[in-house]
Number of protein chains: 2
Amino acid sequence: MPVLLFSIETKVYNLKRFANFSMNNISFFHLCRCFFFFFTIFEIVYFQNVLMSQITLKDIAKALNLSPSTVSRAMKNHPAISAETRVLVQEYAETHKYKPNTLAMQLRTNRNTTIGVIVPEIVHYFFSTVLAGIQQEAESEGYNLLFCHSNEDYAREVRSVETLLDARVCGILASQSKTTEKFDHFQEIIDNDVHLVFFDRICTGINTDKVVVDDYAGAYNAVEHMIHTGCQRIAFLGSTPSMPIANNRRMGYEDALRKNKLPVDKNLSRICDTVDLAREIVPELLRSDSLPDAFFCINDEVAAYCMQIVKSAGYGIPEDISVCGFTNSYITEVTDPTLTTVDQHGFEMGKVAARLLINRIEGKETKPGVVSRLIKTELVPKGSTREIVQ
Amino acid sequence: MPVLLFSIETKVYNLKRFANFSMNNISFFHLCRCFFFFFTIFEIVYFQNVLMSQITLKDIAKALNLSPSTVSRAMKNHPAISAETRVLVQEYAETHKYKPNTLAMQLRTNRNTTIGVIVPEIVHYFFSTVLAGIQQEAESEGYNLLFCHSNEDYAREVRSVETLLDARVCGILASQSKTTEKFDHFQEIIDNDVHLVFFDRICTGINTDKVVVDDYAGAYNAVEHMIHTGCQRIAFLGSTPSMPIANNRRMGYEDALRKNKLPVDKNLSRICDTVDLAREIVPELLRSDSLPDAFFCINDEVAAYCMQIVKSAGYGIPEDISVCGFTNSYITEVTDPTLTTVDQHGFEMGKVAARLLINRIEGKETKPGVVSRLIKTELVPKGSTREIVQ
DNA sequence: AAATTATGTGCACACGTTTGCACAAAAAAA
DNA sequence: TTTTTTTGTGCAAACGTGTGCACATAATTT
């Protein structure tokens, strides 16, 4: 495709202006004009798009000798329209495959049915599960989903918010990226009177509805379970404490230790939320004087790699060392042994979050302040932890 | 929330009608009216939504004593507008946070920048990777993504198409559900002059652009690799042959056998694309007289379960039996041993598909017929296959 | 100086809907 | 019959933007 020095619009405009000279006395200057004229014409035709045709309310009105307003009302079962007219119109619309123009409708009524979703990562068991839940709930309520992916990147998250506000969505479901530390973009959503619900990775700087997993209880139960199976020195592979989900799990972990009268050893509590960190930190812990006899990990992936490292160091799982993950993704079924984990019920979280947002949009959620929903977690014991000693 | 017998619109309408009686001679009938009147008023106020306010072109025009047309042109750097007016308008717009109303723009120009995506499954490594690729390419070109999830269900797929057409998207990227056998809904997309590009699970009944993985070569190379490592009786755990991706892989598998002068045993080629089927079919194959010494599986998940079953039957991997998957998802790293697989380059497929669709939309893809893009596959040998004997 | 051309702006209509209001005709009540 | 009420329909304006055209005024060419 040739490069355009000016936009098509500019070209058309100039063209019209140039064409507007009188043909009385022609100069070299005019000849140049002519040349340019034809060149531009060609270029414009070349780039012209074909317009598509769709039947409208007006067309129906014209065909049935009615006014557009009558047709509009007939389509919506307005009580002032006679039964016969309604049937007439609806049948005509049916046979001619009339599709209301959503754009025009939304413009007129100043309200639409598109909700935006911002996800920090999509190639990710938990978030894709949540997305599936959101999608199902939204679809069943007649809402569309505008999908954005921040990829754990602050700049992309800001751009996503802009995109969604430009598209005039009626609400936004968001989970924060790891790198986000400023919240102006989220505040802007609220300033624009667009409803906002956070899920999972909530934003502490913004006062709005949220749906979170009960991380504290999940961690507490998992750690207590390992204690009941005889573990004494449980290591915690966590994430940055600025993320509430990570901090809550650490608190659940520590409280479970305290409740069972076990020491809370700060050396056993590490930030280790990626595969690379696991390769570094797990061997270090295994080398230390006081060997841990269990690992409680921030997610299933870290847990799976942790298991690999532990096994290759010659320890048996779960005989020597127990391992527990978090999420209950499908990798927990294919490791050897299978991985004990905490189910986060992502699908339900998605449904609850979408439900809450839609209620806000439709004014059905009347509670004035901030609404917080808690999704229950569930311990799923598999092969990487021992049986409870009775 | 109380149940509404009639819609709000109907209520308002009736209200106005009823209010329209003369107050001269009041009867019991009228009193009933009055009661109903107030009840309805209350109900309407109760359900009323707040309208949001946004600054428009008109507002700017009024504030600067210009006409809306001038403001419109100034914002778009139209050449007919003087520099000072343009700066004036753009600065005013900037400070007052003017956001063009996308709906109105799209309505006026009859063209929008939203493309629809239909994915059969989202809690799925490959498809979520493709979605990430689509998202990145679309975002960089200024397009929005309307996300639909058919969940491998024909009815939901049809509904998704309806939704996307109603939303007037300018193009659709789709991957077919397993249960789809009629294609009218896809044809309707084309009949509505909306661009359509299939990816991965293409629809053979529809003549349109597509992007597919080179399944044949992927399968061929994987099987040949296993042959070179000394495997002689390779089983194929495939999927329904009506899906081109499954059929192409079977052909690659068979051709690799033939090329290397190995017999093609129909008993070793099964339909086994779910975990449940694997639990049934793999043990059956292991019991048979002529034990396979390798499994080539349609996806990583089946391969992982296959490995579990093989191991628990007492065979060593890869010493006794080799296993190879397809996709290169993250489960291939956490199985024991790690799983040899074929990388499908999902992210690139997403980008290529989006690129192709956008080119069609913008008229940059001038090739008139059907365009097919092939995404290269790549064998990724890991721990579940042996080293090649030199 | 006169004719021509360039420049900048505004009017009015269009896109496809929805909706307040007016109005005629039919039905019911007085 | 006359008045009131009900019923069904159409007119016109609106949502926020884009664009053809006309029309002044300024700049340039004859």
Side-chain angles (χ1 to χ4, degrees), chain A residues 8-9 12-25 27 29-30 33 51 53-62 64-76 78-86 88-89 98-112 168, chain B residues 9 12-25 27 29-30 33 51 53-61 64-76 78-86 88-89 98-112 168:
Chain A
I8 290 271
E9 286 71 22
V12 174
Y13 172 75
N14 287 332
L15 183 62
K16 284 189 203 132
R17 285 290 159 92
F18 291 148
N20 183 30
F21 62 87
S22 59
M23 276 294 194
N24 300 336
N25 35 10
S27 66
F29 177 68
H30 289 131
R33 280 286 160 72
L51 290 175
S53 67
Q54 272 277 3
I55 181 173
T56 72
L57 278 189
K58 282 187 192 171
D59 299 332
I60 300 182
K62 210 174 291 172
L64 300 180
N65 260 327
L66 290 170
S67 76
S69 38
T70 305
V71 177
S72 170
R73 285 189 257 255
M75 289 302 295
K76 314 198 79 187
H78 192 283
I81 299 297
S82 67
E84 68 185 318
T85 309
R86 183 178 1 129
L88 187 69
V89 168
Y98 165 72
K99 275 201 174 54
N101 186 322
T102 328
L103 267 53
M105 244 172 62
Q106 292 177 359
L107 174 62
R108 188 54 180 53
T109 59
N110 198 18
R111 121 183 8 159
N112 72 22
R168 293 287 211 281
Chain B
E9 287 71 23
V12 175
Y13 173 76
N14 287 332
L15 182 62
K16 284 190 203 134
R17 284 292 160 92
F18 289 149
N20 184 29
F21 61 88
S22 56
M23 276 293 194
N24 301 336
N25 32 11
S27 66
F29 177 68
H30 289 133
R33 278 290 159 71
L51 290 174
S53 67
Q54 273 276 2
I55 180 173
T56 73
L57 277 189
K58 281 186 192 172
D59 299 331
I60 299 182
L64 300 180
N65 260 327
L66 290 170
S67 74
S69 38
T70 305
V71 176
S72 169
R73 283 189 258 254
M75 289 301 295
K76 315 199 78 187
H78 193 283
I81 298 296
S82 68
E84 68 185 319
T85 309
R86 183 180 358 131
L88 186 70
V89 168
Y98 165 71
K99 276 200 174 55
N101 187 320
T102 328
L103 268 54
M105 244 173 61
Q106 292 177 0
L107 173 62
R108 185 56 176 71
T109 59
N110 199 16
R111 117 183 12 159
N112 71 22
R168 293 289 212 282

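All values derive from a computational prediction rather than experimental measurement.
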Take the protein atom [atom1] of [X] and the nucleotide atom [atom2] of [N], then report the distance between them rounded to whole Å.
X: B:H78; N: C:dG8; atom1: NE2; atom2: P; result: 12 Å
X: B:I81; N: D:dA26; atom1: CD1; atom2: P; result: 17 Å
X: B:K76; N: D:dG18; atom1: NZ; atom2: C1'; result: 7 Å
X: A:Q106; N: C:dC15; atom1: CD; atom2: C1'; result: 15 Å
X: A:N112; N: C:dT18; atom1: CG; atom2: C1'; result: 16 Å
X: A:K62; N: D:dG10; atom1: NZ; atom2: C1'; result: 16 Å
X: B:L64; N: C:dG8; atom1: CG; atom2: P; result: 18 Å
X: A:N65; N: D:dG10; atom1: CG; atom2: P; result: 9 Å

Using the side-chain heavy atoms of [X], tell me which of these nucleotides is nearest: [options].
X: A:T70; options: C:dG16, D:dT9, C:dT9; result: D:dT9
X: A:K58; options: C:dG8, D:dG18, C:dC15; result: C:dC15
X: B:S72; options: C:dT19, D:dT19, D:dG10; result: D:dT19
X: A:L57; options: D:dG16, C:dG8, C:dT17; result: C:dT17
X: A:T56; options: C:dT17, D:dG10, D:dG16; result: C:dT17
X: A:R108; options: C:dT9, D:dT9, D:dA13; result: D:dA13
X: B:A80; options: C:dG16, C:dT9, C:dG20; result: C:dT9
X: B:R73; options: D:dT9, D:dG20, C:dT9; result: D:dG20
X: A:Y98; options: C:dG10, D:dG16, C:dT17; result: C:dT17

Using a 4.0 Å heavy-atom cut-off, does [X] contact any base of the nucleic acid, only the sugar-phosphate backbone, or nothing at all?
X: A:D59; value: nothing
X: B:P68; value: nothing
X: A:S69; value: base
X: A:L103; value: nothing

- B:V71 or B:L107: which one's nearest nucleotide on DNA chain C is closer to the 5' end?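 The residue whose closest nucleotide sits nearer the 5' end is B:V71.
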
[atom2] on [Y] to [atom1] on [X], rounded to 0.5 Å:
X: B:N101; Y: B:T56; atom1: CG; atom2: OG1; answer: 9.0 Å
X: A:I55; Y: A:I60; atom1: CD1; atom2: CD1; answer: 5.0 Å
X: A:T102; Y: B:L107; atom1: OG1; atom2: CG; answer: 11.0 Å

- Message: I want to check something: taking the side chain as every heavy atom from C-beta on, are B:V71 and B:L64 in contact at a cut-off of under 4.5 Å?
- Response: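 In short, these two side chains do not touch, never coming nearer than 4.5 Å.
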
- Query: So, for A:P100 and A:M105, which heavy atoms are closest and what is the spacing to 0.1 Å?
  - Reply: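 So the minimum-distance heavy-atom pair works out to CB-SD, 4.2 Å.
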
- Query: If you look at every heavy atom in A:R86 and A:A74, which pair is closest and at what distance?
  - Reply: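 Reported closest heavy-atom pair: CG-O, 3.5 Å.
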
